[in-house]
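Okay, so here's the structure we're looking at.
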There are 2 protein chains.
Amino acid sequence: MATQKLDPKKLEEAASKLRAIAHPMRIAIIGLLERKNQMNVTEIYETLKIEQASASHHLNILKTKGVLDSRRAGKNTFYFLKPHALEQIIDCINRCH
Amino acid sequence: MATQKLDPKKLEEAASKLRAIAHPMRIAIIGLLERKNQMNVTEIYETLKIEQASASHHLNILKTKGVLDSRRAGKNTFYFLKPHALEQIIDCINRCH
DNA sequence: CAAATATATAAATATATTTTGAAATATCCT
DNA sequence: AGGATATTTCAAAATATATTTATATATTTG
């Protein structure tokens, strides 16, 4: 299954993806969303007791890396785990021994 | 196949492993060893035109992360790719889309 | 054992990347 | 329009990584 050679570009992407996820606050956000399905930014930053801008920033990183997706509903933006994204990452990690 | 939850510790390990490998000089070292099976430190740093200490440092990182292994033969230390390590990493990367 | 060669480690410094906080800006609802 | 919510931007602070220089350790050979 494995491709023959190490592709530096893909490697860089994967490294940056895992590195981005491996951050305490972002892991906390993922943890929240594993339980609550979806939350808006205010709920998230109040629950985690961080600045609103900081929450938004972390959310954007997780979205960029394909872990989360968001949906706007009026004034609120709801964030939620992208289906299967977490599974894939966990698979990846388990292979990385 | 995937474990249920994201394990922060494992995640951190995998992230740090990929991050460590995703470095131009270390990719170059892996590239050399894909072709030549094994090389000693002198061969490596002369081929890549870097400082001996620098080579030693990179080699140690790759060894610590489980990509390389080494074998001492007299004055020389030969470094080589650890069997299957690269395959696993490539598998991991391919899963990390 | 002393000299030569090969490698490893450590300390100091330089560089790059991330994180954070504050302020400005945008978006949407009533 | 006015208030609530969210995003973006920018710069300072904190962290992480890299590089260099010097020094230490190990091994062989004479």
Side-chain angles (χ1 to χ4, degrees), chain A residues 8-9 11-33 36 38-81, chain B residues 8-9 11-30 32-33 36 38-82:
Chain A
K9 194 165 179 173
L11 169 57
E12 180 52 49
E13 277 176 25
S16 113
K17 184 167 185 170
L18 291 194
R19 178 183 14 174
I21 299 167
H23 176 285
M25 196 48 77
R26 296 197 276 269
I27 289 175
I29 290 173
I30 292 172
L32 282 183
L33 292 174
K36 296 203 56 176
Q38 63 164 226
M39 297 173 82
N40 66 31
V41 178
T42 303
E43 287 176 326
I44 291 170
Y45 83 75
E46 287 182 347
T47 304
L48 297 174
K49 297 175 180 29
I50 57 178
E51 295 289 320
Q52 178 273 317
S54 176
S56 185
H57 177 239
H58 289 307
L59 287 167
N60 187 48
I61 288 175
L62 288 172
K63 188 177 170 181
T64 302
K65 298 303 179 185
V67 185
L68 302 184
D69 208 343
S70 67
R71 169 176 75 73
R72 182 141 206 166
K75 286 186 291 191
N76 296 310
T77 301
F78 288 94
Y79 282 85
F80 50 91
L81 288 173
Chain B
K9 194 165 182 172
L11 170 57
E12 178 54 44
E13 276 176 26
S16 112
K17 184 168 185 170
L18 290 193
R19 180 181 14 176
I21 298 167
H23 176 288
M25 197 48 77
R26 296 198 275 270
I27 289 176
I29 290 173
I30 291 172
L32 282 183
L33 292 174
K36 296 202 59 174
Q38 63 164 224
M39 297 173 81
N40 66 30
V41 179
T42 303
E43 288 174 326
I44 291 170
Y45 81 74
E46 287 182 347
T47 303
L48 297 175
K49 297 174 181 27
I50 57 178
E51 296 289 322
Q52 178 271 317
S54 175
S56 186
H57 176 239
H58 289 308
L59 288 167
N60 186 51
I61 288 174
L62 287 172
K63 187 176 172 182
T64 302
K65 298 302 178 184
V67 185
L68 303 184
D69 208 344
S70 68
R71 170 177 72 75
R72 181 139 207 164
K75 286 187 288 190
N76 297 311
T77 301
F78 287 94
Y79 281 85
F80 50 92
L81 287 174
K82 219 165 157 181

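Because the structure is predicted, anything quoted here is derived from the model rather than measured. Note on naming: letters A, B, ... go to the chains in the order of the sequence lines (proteins, then strands), and numbering restarts at 1 for each one.
For E51(A), the side-chain atoms get nearest to dG21(C) when compared with the rest of dT7(C), dG21(C), dT20(D). The side chain of K75(A) has dA4(D) as its nearest neighbour among dT20(D), dA6(C), dA4(D). Among the nucleotides dG21(C), dT19(C), dC28(C), the one closest to the side chain of R26(A) is dT19(C). Ranking dT27(D), dA8(C), dT8(D) by closeness to the S56(B) side chain, first place goes to dA8(C).
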D69(B) and K82(B): CA distance, side-chain angles, deciding distance, side chain to side chain contact (heavy atoms under 4.5 Å, CB included) verdict: CA-CA 6 Å; D69(B) 208 344; K82(B) 219 165 157 181; 4.3 Å; yes
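Nearer to the 5' terminus of DNA chain C, by closest-nucleotide assignment, is the contact made by I61(A) (compared with the other of I61(A) and A73(A)). Across the interface with DNA chain D, nearest-nucleotide mapping of S16(B) and N60(A) shows N60(A) to be the residue nearer the 5′ end.
Not one N or O on the side chain of S56(B) forms a donor-acceptor pair closer than 3.5 Å with the backbone of Q52(B).
Distance, Y45(B) OH to dT5(C) P: 11 Å, rounded to whole Å. Following rounding to the nearest Å, I50(A) (CD1) and dA6(D) (C1') show an atom-to-atom distance of 14 Å. Rounding to whole angstrom units, CG of residue L48(A) and P of dT20(C) are separated by 12 Å. For N40(A) and dC29(C), the CG to C1' distance is 15 Å, given to the nearest whole Å. Between L68(B) atom CG and dT7(C) atom P the separation is 14 Å, expressed in whole Å. Atom NE2 of H57(B) and atom C1' of dA8(C) are 11 Å apart (whole Å). In this entry the distance linking CG of L59(B) with P of dT9(C) reads 11 Å, nearest Å. Atom pair F78(B):CZ and dT5(C):C1' shows a separation of 14 Å (rounding to whole Å applied).
For the pair H58(B) and dT19(D), the criterion of a side-chain N or O lying under 4.0 Å from OP1 or OP2 is met. Considering only side-chain N and O atoms, T42(B) lies under 4.0 angstrom from the phosphate OP1 or OP2 of dT7(C). Remark: R19(A) is in phosphate contact with dT18(C), judged by side-chain N or O atoms under 4.0 Å from OP1 or OP2. Remark: N76(B) is not in phosphate contact with dT5(C), judged by side-chain N or O atoms under 4.0 Å from OP1 or OP2. The phosphate of dA18(D) (OP1 or OP2) has a side-chain N or O of H23(B) nearer than 4.0 angstrom. Contact between the side-chain N/O atoms of Y79(B) and the OP1/OP2 oxygens of dA8(C) is found at a separation under 4.0 Å.
For Q52(B) against dA6(C), no side-chain N or O and base N or O form a donor-acceptor pair under 3.5 Å.
Within 4.0 Å of A55(B), counting heavy atoms only, lies no atom of the nucleic acid at all.
For the pair S16(A) and E12(A), the minimum side-chain heavy-atom distance is below 4.5 Å. A heavy-atom distance below 4.5 Å is not found between the side chains of N40(A) and T77(A). V41(A) places none of its side-chain heavy atoms less than 4.5 Å from the side chain of N76(A).
The structure places CE of M39(B) at 9.5 Å from CD of E46(B), a figure rounded to the nearest 0.5 Å.
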